[in-house]
Each structure stands twice: as C-alpha cells, then as structure tokens.
Chemist: 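Got a structure here, written out as structure tokens. Questions coming.
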Amino acid sequence: MNDAPIAGDAVPLELRIDAKSYRSADGTPVEVVRGLELRLDAGSFGALIGPSGCGKTTILRIAAGLDKDFQGRLNTPGSGRLGFVFQEPRLLPWRTVEENIRLALPAHLSGVDLTDLVEILGLGSHLARYPGELSLGLARRAAIARAFAVRPDFLLLDEPFVSLDEAVAARLRDELLALTTRTKVTTLFVTHHLEEAIQLADRLFFLSDRPARIVLEKTLPPPRGGRSQEVAASIRAEARALAARPL
Amino acid sequence: MNDAPIAGDAVPLELRIDAKSYRSADGTPVEVVRGLELRLDAGSFGALIGPSGCGKTTILRIAAGLDKDFQGRLNTPGSGRLGFVFQEPRLLPWRTVEENIRLALPAHLSGVDLTDLVEILGLGSHLARYPGELSLGLARRAAIARAFAVRPDFLLLDEPFVSLDEAVAARLRDELLALTTRTKVTTLFVTHHLEEAIQLADRLFFLSDRPARIVLEKTLPPPRGGRSQEVAASIRAEARALAARPL
Amino acid sequence: MWPRIFSLAALIAVWALAAALAQSRLLPGPFVIGAEILAEIRSGELPFQMACTLGRVIVSFAIAMLLGTAAGYVMGRSKAVDRFADPWLVVLINMPALVIIIFAYIWVGLNETAAILAVAVNKLPNVTAVMREGARALDPELDEMAEAFQLAWFARMRHVVMPQLAPYLAASSRSGLSIVWKIVLVVELIGRPNGVGFVLGSAFSLFDMARILSYAISFIVLMLVIESLLVQPLERRANRWRRRPA
Amino acid sequence: MWPRIFSLAALIAVWALAAALAQSRLLPGPFVIGAEILAEIRSGELPFQMACTLGRVIVSFAIAMLLGTAAGYVMGRSKAVDRFADPWLVVLINMPALVIIIFAYIWVGLNETAAILAVAVNKLPNVTAVMREGARALDPELDEMAEAFQLAWFARMRHVVMPQLAPYLAASSRSGLSIVWKIVLVVELIGRPNGVGFVLGSAFSLFDMARILSYAISFIVLMLVIESLLVQPLERRANRWRRRPA
Amino acid sequence: RASEALRIGLQSTGTFAWQLDVIRRHRLAESAGLDLKVSEFASPDAGKLALNSGSVDIAVTDWLWVARARALGAKLLFYPYSSAVGAVMVKNQSPVHGIEDLRGRVLAIAGGPLDKSWLIVQAAATRRGIDLKHETTLEYGAPPLISQKLQQGEAEASLNFWNFCASLETRGYRRIFEVRDAEAALGLSEPVALIGYVFSEPFASEHRSAIDRFIAAAQKANDIMLQSDEEWNALRPLMNAEDDRIFKAYRDRTREGMPRRPIAAEEADARALFKALASIGGAELVGPSQELDPGLYYRPAPRGD
Ligand SMILES: Nc1ncnc2c1ncn2[C@@H]1O[C@H](COP(=O)(O)OP(=O)(O)OP(=O)(O)O)[C@@H](O)[C@H]1O
Ligand SMILES: Nc1ncnc2c1ncn2[C@@H]1O[C@H](COP(=O)(O)OP(=O)(O)OP(=O)(O)O)[C@@H](O)[C@H]1O
Ligand SMILES: [Mg+2]
Ligand SMILES: [Mg+2]
C-alpha cells in the first residue's frame, strides 16, 4: 500500500473485515463482505464507490461500531465522537428539527449556536417543524446538520447529497470540504457519484459487487476541491474500465 | 402554450392548482403551490425540475389524487390505473419483495410472470427477501418494479433513480424509456438530474422555489433518448440562467 | 423450549420451598395440588367444569375481540366517530364488572346468554381502547401507497392494516384472554351452576385452598400449553420480517 | 368539547328512556340517581368512600404501571430474559384475581398493604404483556441512530424509546386504570371496611340498585372529567407530530 | 296426576342442599306430584338474582332482604326455613368472656356492616350499654376470610355464620355471645327464622298448591332429619365436615334451626325484631318502612287433602 500520511499524531481508521454475513429471515446466510481491508489516515477523507447492494452501508455500520457481528478487526480514529449521516434521514418524528439536532449534541456543546450551520443548509425556516412536515430533501439536510453539529472526529456519510437539487448539493459539498479541511476529521463517504468523490476525497475505494472487497484503491493528488480536468478524466477512465471488466 | 400533441384519442393530464397549503403542527399555514397550471398530453412524458423542498412531491400527490385538499382542478388521463414510485420505497416491511409487487397488481394481472421485469431490475435473487433485508438501492428497485408491474396508464415517479449506481441507473433509464414508448403511458417524473430529464422527457417544467409555480416550460424535440449535444447544452444554459436569476 | 421448561421448573421449586416453609393448609405444595388435580381429572369433575368455563371464555372472547377491534379501528381512524363515541367508551370501560353482571342477569335472565354477554361487555371496551391506539398509530404513508395502487378493501386490511395492528392485537388478546377468564370466573361465581368459577366460589366458602389452587393451576397449565404450542410459534411466524437486534 | 357533551347527553337520554320503559326498581333513571348522588355527597358518605377507593386506585395503579412497564420493556428487548420470564408472566396473568386476593389477605394480613399489593399484582402482568409488545415493535433504525450519536441512557429513553411506546402506554394505562378500579372494588368487597367496593357489597346484598349505580356513576363521572381535562389534552400534545390524515 | 315442575335455586354449600338431598332420596317430591328442577349456584346472592330475573321459582334467601324488597315494592313472599345463627367467638384461652370484655379489642365481622346477625348483636349490646361500633376495632370481610383471620390471631373475636362457628368450636374456640341469646335479649320468645323460601306473589297465586306441597315435602324432610341419625350418615359426603365433631356440630345446629312454630307466632317475633333492627340500622337497612309488611309471610292452605 502506498499511503500518503496526512495528519500526524492521531490514529488512523483501520478496518479489516474477513467476513460479514447476514442471516436472512428464511435462515439462509447472505455473505456481504469478504476479505476487505481498509486503512484511512487520521484526518483524511475516503470515498467508497460500488454497485448498489454491494455492502457499502454494511461497511459504514461496521466502521461506526454499530454492527459488531463480523469477523475482523476495527480501530476507530479520534476520541470516538461520531457523526453519521445515514442513508435515510432517521430523524425522530416526534421531535422538531431543532430538537433532533440538539439531542445529538454532547453535553459540552448543548447550548451551542446553530444559526450558521442551519443557514448554510437552508433549514432556517424549518427549525420548528416536525420531520413529517419536511420534504425528503429538507429531512436529509436536517440529518446532515445533525452530523455536522456534533463536531465529530470521525464522520461517516452514506450518500448524503442525493435528493437535493444541484445548487444545494454543490453548496453542501463545498461546505463539507471546508469542514473536513478545517477540523481534520477522518471521514468515510459513500457515493455513486464519481465527480463528487473526485472533488471531495483524498482516497477512493472501488468495491466489487457482493460480497464486497476492494478492487481498486486510488490516492488523489492534493489539493482537494481543485482537481485538474486531467486527473478527473483519468480516474473516470479507470472506473469505466473497472465496470467493463468481468469480476 | 405551445403544446405538441403526441397521442391521439386518450385524454391529457390537466392539473390546475390555484393554491395548496399545509397546516403545520403549530397551526401556521405553509403555502406550497400557487397558481400552477400543468398540461401533459396523453402518452407524453413530463419532467418536473425544481429546488429541494419546492413542492414537487406535493404536486405528484395531488396529480395522483392522493391529496384532495387543494384549490384547483385535476383531470387524470387513462382509465385510472396508477403507477407511483414514491420518493421513499414505501414497501410493506412484513411482505417479501415478490409479495409487495404482486399485492399491487390488479386482479386481471394477478398471475402474471414477473421474471423479465425482475431480471432487468436486478432483483432476481431478492424476491423472497423482506424489505428490511434490502439495501436502499434494492428497495428502490423493488418499488420501481411494483409501479411498472401494474401496467399503469398513468405513471408518477418521484426521483426514482437516486441511490443507484450509474450502471444500474442507466439501464433503468433505458428501460423506462422503452416502457413509456411502448405503452404510451402518460408519465410525470420528478428529478434533480437535468441530464436525466433531457434524456427521458418530452417536456420539462421548471419550478420556482416555494410556493411552487412553473417558471419555464420547454418542449424537447423528438426522438426521446437520442437528443443531440446542442439541444442538451442549450437547455443546460437556460437552466443555469434560471437558477442565477433572482425570483 | 428448554428455557421455558427450566423456568417453569424453577417456579415450581420456589413454590415447593415456600410451601415447605409455610407448612400450612393454606399454602399447599405442588405435590398436594398435583395429586388433587389428578384425582379431580379421574373423577371427571375437573374436565367437565373446565369445559364449561372454556366454552364461555372462547365465545365471549371471540365476541369481545371482534366487536372491540372493529370499534377501536373505526374510532382510531375517524376523529368524528371518536369524538362522539369516546364518552360512551369511558363510561363502559369504567363500569364495575359487578354492575354489568347484575344488570345482565336481571334483564336477560340467569342464563348462558346473560353470562356470555356480561363477560363480552366487560371486556369489549378494553379491546376497543387498545385497538384505537393501534389505529391512531397507523402509518399514513403506507395508506397512501395502498390508495395509489388501489388495493381492494380486503387486501388493504389484510396486508397493510392488520400487520401494523398485530402487536396491539397480540397485546390485547393476550392480556384480554386473561381478563375474560377472570371475569368468567366472577360471572360463574355469581350465577352459573357450573364452571371453574362456580367451583372456586364453593371452595372459597369452605376455604379449600387445595381445590382453589388445583382448578386455577389447571387453567394456567392449559394456557401455558396454548401459549407454547400455538401462540408463540404463530407470533414468531408473524414477526419473521423484523430485523433481529444485532 | 361540544361533541363530548352532546354525546353524554344522548347517553343520558337513552338511559332515561330505558328507565321509563322498564319502570322498575331495578333500573333507576338518571333523576333518581342524580338525587341519590346529591344526598350521598351532602351526607359526606360518598366523598369519604370515594377518597378511600381513589387512594388505593392511585397507589396500586402507579406501582403496577411502573413495575409492569419496566418488566415489559426488558422482556421485549431481551430475548433471553423473555424466554425465561415468559412462563412466569403467563402464570401470573392467568392467576384468578380471587386467588391473589385471598393469598394477599392471608399472608400479609387484612390490611391496606395487602389490598394494594393484591391489586398491583393483579394488574401488573397485563401492563407487562402490553409493554412487551411495544418494546418488541421498537424501530431498530432509531436505536442505531441513538447509538451512533451516543445518546445518554436517559435521553434515549425519553426521546427515542418513550415516544414509540406512547400508544402502548396510553392503551395500557387507559384500560389499566379501569381494571385497577374494578379489582380495587373486589378487594374492598372481600376485606376492607371502607371504600366504594365495600359500599357496593352491602348495597348488592340488599339489591339496592340506586345505591350501586350512584356510586358507580360517581366514579365514572370522575373518570370522564379526568379524561376530558387532563388525559386528552396531554394526548393531543403528545400526538402533535402525527401527520393529520388528509 | 302429572307432576308439576318447580324451579329451585340453591347455593351449593348451603344446608338447603342437604334438605333437597333428603327430599330426592326419599322421593318426597315425586310423591307430592312435584318435579324439582334444581339450579346450583356458588354465590349466596345468586338466589336473589335468579328470583329477580324470573329464572327460578323458589330460592332460599334472607328474611331482611325480602322485607326490604317488599317495602320498595317487590312482590315477594317468605316462608321460614331456618333460624340457625352464628355467635361471637374467641380462642379458648382468651381473657374475653362476655361482650363487655370486647371493649378495645379487634372484632371481625363476617359480611358487612349490614349483616343481620351483626345488627342483632349490636342491638342487644346497646341494651346492655355497650356501643360495639365505637368501642371495638371492627374488621369486615368475607365469612371464610374472617374465620381465617380469627385463627391467625389477627382478630381477637369474630362474629361469623353458624357453620363457621360450628367448625371453629372444634378447633379450640368458644362462644361468648350467641346471636340466639341476643334475640332473646331483644324480647323475642323464640329465634326468628332469618332465612326462608322466597317466591313471588304472582307465582304463589298461580301455583299455590305446588308451593304448599313443596313446603309439606320439606317439612317431611325436616322430620326425617330430626329423627334419623342414619339419614345424616347418608348426607355426610355433601357436608364437607372434616371430622366427626364438626359433622355432629353441623347436624345439631341444623336440627336446632328448624322452625317448628306456627306462622302467626313467628310473625309476631319477626315484627319485634324488625322494629329493633329499624331502630339501629335505619332506612339504609330496612328500606322506607319502619314496620314489617304484614303480607310478608306466606301462609299455606290448611292441610286437608
Ligand atoms: N404535512 C406537511 N405540513 C407542513 N408542511 C409540509 C407538509 N408536507 C410538506 N410540507 C412542506 O411543503 C414543502 C414542499 O414539500 P414537498 O415534499 O412537496 O417538496 P419537494 O419539492 O418534493 O422537495 P424534495 O425535493 O426535497 O423532495 C416543503 O417545504 C415541506 O416542508
Ligand atoms: N438484515 C439483513 N438481512 C439479510 N440481508 C441483508 C440485511 N441487510 C442487508 N442485507 C443485504 O446485504 C447486501 C448489502 O447491503 P448494504 O445495505 O450494505 O448495501 P449498499 O452497498 O449500501 O447498497 P445501496 O447502494 O443500495 O445502499 C444487500 O444485498 C442486502 O440485501
Ligand atoms: Mg446503502
Ligand atoms: Mg419530494
């Protein structure tokens, strides 16, 4: 592996999944991940890219420590304050948007001012609404606000920017870029959108179909956000070749 | 209006929403649509494009006859067999994928063979799974399968292809194109993805921010699916201009 | 199955210990009761009385569940009906069992119809109260889905509504069956010439704890068997779709 | 508010009509009962007996709800605990009220503690059965969310778990309060020197329907007032987030 | 002559069951041309319910209840069945020897505050200047429970029904005050039968002869039970007597309680008792009327077959 170490003192994310399978309702085991080894330097930004249903969400849940039922080893970075944007918003329907965000805050942040964050996400006029009264796009933004608000030192995002119009999505991408650069939070990001990944990530992990393993790992040249057309084009070409290749 | 009539004998979709507002939990009314007039010829394909939270889902629900609490008039095309891909999968969690699909079928189709449809959507090995065991992308595909399986004569799709990898999404777009062309079903489609809209639609409706109204209506030259680069570029330019313009 | 048997064995052990410590006619141990039950079974008395009670339990349970579920569903779904019917429900649910039983016996007669009616009327409002909550908690999104795909009324009930009401149904039928059985006992005690309640009443006036316990426990054993062999496998089937907690 | 009053008026009208048609000492009309209630209030008898009963109802209801909810939650969450505790629950839930009352009075004494204990033990398994279903139906996705964001135990209970259990709590406390009140009546009837149940016992042996009904109805009126002024506003608040059906 | 059906309500653990058993075994009903249809119930109140709903023709019930119901307008008739009553009892070694000694002690009462025996004892005590209601600590409860409480020592004295008294007597308890004595203290020449056969006036007027024949058959059964000890051996399985002493106590108390005097004499004493009860129980107990309704007692036609 040719890692490019970025931040110094903090620990990297180290995830080794030898095997992970679910037992489905009729009893048959479904193998989802096999022989996956993923290392992400502290403070760097990794993107997972893979076909639908290959096991990306499963990997994130394992990385978050939510699913301990797997064979392998997990080493999480930072003090363990986690920000997670799930694939669905997962808001508490009986709490308003603001309550949903504040509930997730650790004690020392409980009184924090959310105005800026909420303005950036365009949630200003919806803070007092219940999730059932939001459009899906707004609900997603509330979920993103929640994950950002906790000031995580480990951030997991599962396709956070789908269901948003291009303008909002672009703004949020910039915001995510700024946030991760500023706070040096280790981030693992799932997307189907290659351009997005190229814009945001330090490192791309291309996954195979189920059972998922890493078929290609790619370090992108800094700086994030300002990749040249050539870099993007070469990655695109590589990804296309990968998709065409029989597994 | 400069409609380009496509199919002959069937009735067009005519939707006029003078005003639609929700009453939120704290009692304040939220105006979502105002003065919107939408006409879609029988058998043609319309795409709604607009900022997140502007009211697209609301319009679809009204067009489907699910929300009758609005001021205006609705005239739906066809005999009223509706196919609806909601923004979330909305599967019955206690029924398998196959049961979910079959349950939606009208009586005369109840025994129909689903193999082809299911193969195209890549659901083959998941038919006996419960929705809770699917990845979000798979669940979305199941929802799409359900809407296609009923052989609708009025099809509503609310961002059906998000959360899918590019390969699957492209395949499904082609499939939708083929289906709508073959069956001449009147279709209303919501997307944030301009390219997708340009590929699929006969007619684009650009919506303003909330309260939603149509700010630009655009008929695309046939044939669908094979639009030239110039057409696409010109539409993109127009859309960009629209986004830049203060409302 | 094994944990159940183990747990029951523990329960019986606790009981035997308590009985041994108490050394009293008022707390007979498991062996005394077991012998008593066997004797009562052999004499045919217990099966007969149990059958009488069981018949009443089943009929009035069925009536209460059917009507109560229907009423609760309608009240939970329609605000208008709820507003009107709610005070009636409060009145009925808080009417003492004794009052209902007396009225039934006086106005219908001291007969089987009155007994079953009294039990059903006693239980019905509880079912209604529980099912109303269930109906209120139904997911409007699935409703919309059902409407969009024009599911027939029956299919909607069976595939969309009932599975959502299932935990409420399970709760109200499990706690409901026990309530019905308890009320049947009172109804039999007050005015039926047979059944477990009749036996308990007579045994109580003689303070025959062995007899009281042997009948009560026979019924409980029956319930345990039904739970283990019928209800729980069914429940497991119905809950198959739930994601197992990790 | 108006539909409630209208609906109650209708109920009273039906009752008055039935009483007028029956023309019997055994079905006194609303006016007779109203007069009786006033007289009993003026004599101070009714408020005193009602207070005794109400005290017992409140204490045993609180005990049963607290313990029952806790037990139900744990059983619904943990398969292991459930497997072990379920048979005990089945035994307890099906134990006839009479048996529990007798045991309490014999082993604890003919006193207040025994009475309250007997009621609480009678009611507790029903709460447990309902809350267990609620706990089983908890959404695992919200659990994951709470774990990811490391919500403290208390916050998790209050904001994630309790709102999901709310309909079950509402159901079990509404139908539970009525059950507690009914069992308190029996407990008082069998062995307390005061309370509504004690009065009903005497009135029953004299077949004094007017007295029976006036006490029963006084309690029901109390419940109606509590429902209308306390429970329903609270419930409306708690359910504010629910999308109104179109 | 075709036998006439008579529906009878019966409390399963009561002594009426014994009498009916004698009638059955000696075919007294058949020979009187009656076909008895017996419904057994567990609760002492079932008889009242059954009469009220018209489910039985005859039940054995409280004298006071009938008197009260009549005062409130129910047309019911009463014919004496038994005058057996209970007693206030204490442990053999107890320092309590008379009701005077009950002051400041715990007295448990079977039934409730309106129980007839309790009222009679209260009335008699009042005449002796003892206010039991205020000078003792009272416990009320169901009869079996009260009996148990005395045995557990939670109550120092108890007033219970005669059958519980009979069994207590054999377990080391003694009587300190008989309800029978209380009745005498109230000026009655003989104890009044406090329970009896009850039926409705309309039924009585239509089936007079059937009732008379039933009463005659019951009388014959009483005669048999009075004279024959053998008969009691046959009844023993019904009696739930744990040992011989209880069995004998049951037998003797039952015999003692069989009413033998003419209705007129009975009624005179009943009238006096009612007055005494009305003075202490008030309208709550006896209903609106302070006088015993003269039509309460059923008078069989003079025998002249
Ligand atoms: N039940 C409701 N009560 C109050 N406001 C509501 C309700 N449902 C929707 N809204 C509001 O109406 C607006 C339009 O909602 P809608 O779901 O139609 O948006 P949308 O265009 O589909 O957005 P998205 O692209 O995010 O899905 C949103 O601002 C939303 O907050
Ligand atoms: N509880 C479960 N039981 C059985 N199979 C499961 C369960 N959860 C997930 N799976 C299966 O595991 C595979 C991977 O699921 P996962 O959600 O990780 O996919 P994903 O890569 O996130 O897909 P998507 O892009 O659609 O979100 C899928 O095929 C899914 O059907
Ligand atoms: Mg996923
Ligand atoms: Mg939407």
Side-chain angles (χ1 to χ4, degrees), chain A residues 57-58 60-68 76 78-110 128-134 139 142-143 145-158 188, chain D residues 69 73 76-83 130-131 133-174 231-246:
Chain A
T57 300
T58 305
L60 282 202
R61 288 177 59 241
I62 290 175
L66 294 177
D67 191 340
K68 298 190 177 61
T76 44
S79 66
R81 174 127 297 270
L82 187 70
F84 202 144
V85 179
F86 294 94
Q87 206 167 2
E88 331 78 50
R90 293 211 194 168
L91 303 171
L92 299 172
W94 37 83
R95 295 286 180 262
T96 62
V97 170
E98 175 160 13
E99 286 166 348
N100 262 290
I101 297 173
R102 289 208 179 273
L103 271 172
L105 297 180
H108 72 276
L109 288 178
S110 62
R129 296 267 169 281
Y130 290 101
E133 304 171 336
L134 301 181
R146 177 173 61 185
F148 284 9
V150 300
R151 310 219 177 129
D153 41 35
F154 184 26
L155 184 59
L156 296 162
L157 303 110
D158 201 346
L188 196 56
Chain D
T69 304
Y73 178 73
R77 285 272 109 148
S78 154
K79 272 244 167 28
V81 174
D82 188 39
R83 252 196 294 262
V130 174
M131 296 315 296
E133 292 302 330
R136 280 178 183 163
L138 287 174
D139 184 354
E141 307 217 321
L142 292 182
D143 268 353
E144 267 190 356
M145 187 279 288
E147 203 185 324
F149 288 101
Q150 297 160 32
L151 263 60
W153 184 86
F154 183 77
R156 210 183 271 209
M157 280 293 149
R158 177 160 162 222
H159 301 292
V160 183
V161 173
M162 276 302 151
Q164 292 184 70
L165 293 183
Y168 294 86
L169 263 177
S172 80
S173 52
R174 188 168 279 133
V231 181
Q232 299 207 338
L234 267 175
E235 224 172 21
R236 256 196 300 280
R237 241 188 85 84
N239 279 333
R240 235 174 356 161
W241 62 273
R242 282 191 198 283
R243 237 172 72 184
R244 280 145 238 252

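Lettering follows sequence order; numbering is per chain, from 1. Given the structure is predicted, the values throughout are model-derived calculations rather than measurements.
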Chemist: To the nearest 0.5 Å, what is the distance between CG (Leu91(A)) and CG (Leu142(D))?
Modeler: 9.0 Å

Chemist: Any chance you could lay out the side-chain contact (heavy atoms from CB on, under 4.5 Å) test for Val150(A) and Phe149(D), step after step, and finish with the verdict?
Modeler: CA-CA 8 Å; Val150(A) 300; Phe149(D) 288 101; 3.9 Å; yes

Chemist: What I want to check is whether the side chains of Arg240(D) and Tyr130(A) have a donor and an acceptor closer together than 3.5 Å.
Modeler: yes

Chemist: Where is the tightest heavy-atom contact between Pro93(A) and Trp241(D), given as atom of each residue plus distance?
Modeler: O-CB, 3.3 Å

Chemist: Could you walk me through whether Glu144(D) and Phe86(A) satisfy the side-chain contact (heavy atoms from CB on, under 4.5 Å) test, starting with their C-alpha distance in whole Å, then the side-chain angles of each, then the deciding distance to 0.1 Å, before giving a yes or no?
Modeler: CA-CA 10 Å; Glu144(D) 267 190 356; Phe86(A) 294 94; 4.2 Å; yes

Chemist: Do Arg146(A) and Met145(D) have side chains that approach each other closer than 4.5 Å (heavy atoms only, starting at C-beta)?
Modeler: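 Yes - at least one pair of side-chain heavy atoms lies under 4.5 Å apart.
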
Chemist: Could you give the distance from NE2 (His159(D)) to CG (Leu103(A)), rounded to the nearest 0.5 Å?
Modeler: 4.5 Å

Chemist: Is Glu99(A) in contact with chain D via its backbone, its side chain, both, or neither, using a 4.5 Å heavy-atom distance?
Modeler: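 Neither; nothing under 4.5 Å.
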
Chemist: Atom CG in Leu105(A), atom CD in Gln150(D): separation rounded to 0.5 Å?
Modeler: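 If we round to the nearest 0.5 Å, Leu105(A):CG and Gln150(D):CD are 12.5 Å apart.
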
Chemist: Where is the tightest heavy-atom contact between Pro163(D) and Arg95(A), given as atom of each residue plus distance?
Modeler: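 Reported closest heavy-atom pair: CG-NH2, 4.1 Å.
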
Chemist: Checking Arg242(D) against Trp94(A) for the side-chain contact (heavy atoms from CB on, under 4.5 Å) test, could you report, in this order, the C-alpha distance in whole Å, the side-chain angles of both residues, the deciding distance, and whether it holds?
Modeler: CA-CA 8 Å; Arg242(D) 282 191 198 283; Trp94(A) 37 83; over 6 Å; no

Chemist: Any salt bridge between Arg61(A) and Glu141(D), counting N to O under 4.0 Å?
Modeler: no

Chemist: Go through the atoms of Arg81(A) and report whether side chain, backbone, both or neither lie under 4.5 Å from a heavy atom of chain D.
Modeler: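 Looking at Arg81(A), backbone and side chain both touch chain D.
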
Chemist: Just give me the residue among Asp143(D), Val160(D), Asn239(D) that pairs up with chain A most often, heavy atom to heavy atom, under 4.5 Å.
Modeler: Val160(D)

Chemist: Is Arg151(A) atom CZ crowded by more than 12 heavy atoms from other residues, nucleotides or ligands, each under 6.0 Å away?
Modeler: no

Chemist: If you count heavy-atom pairs within less than 4.5 Å of chain D, which of Ala104(A), Gly132(A), Gly83(A) leads?
Modeler: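 Answer, by heavy-atom pair count under 4.5 Å with chain D: Ala104(A).
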
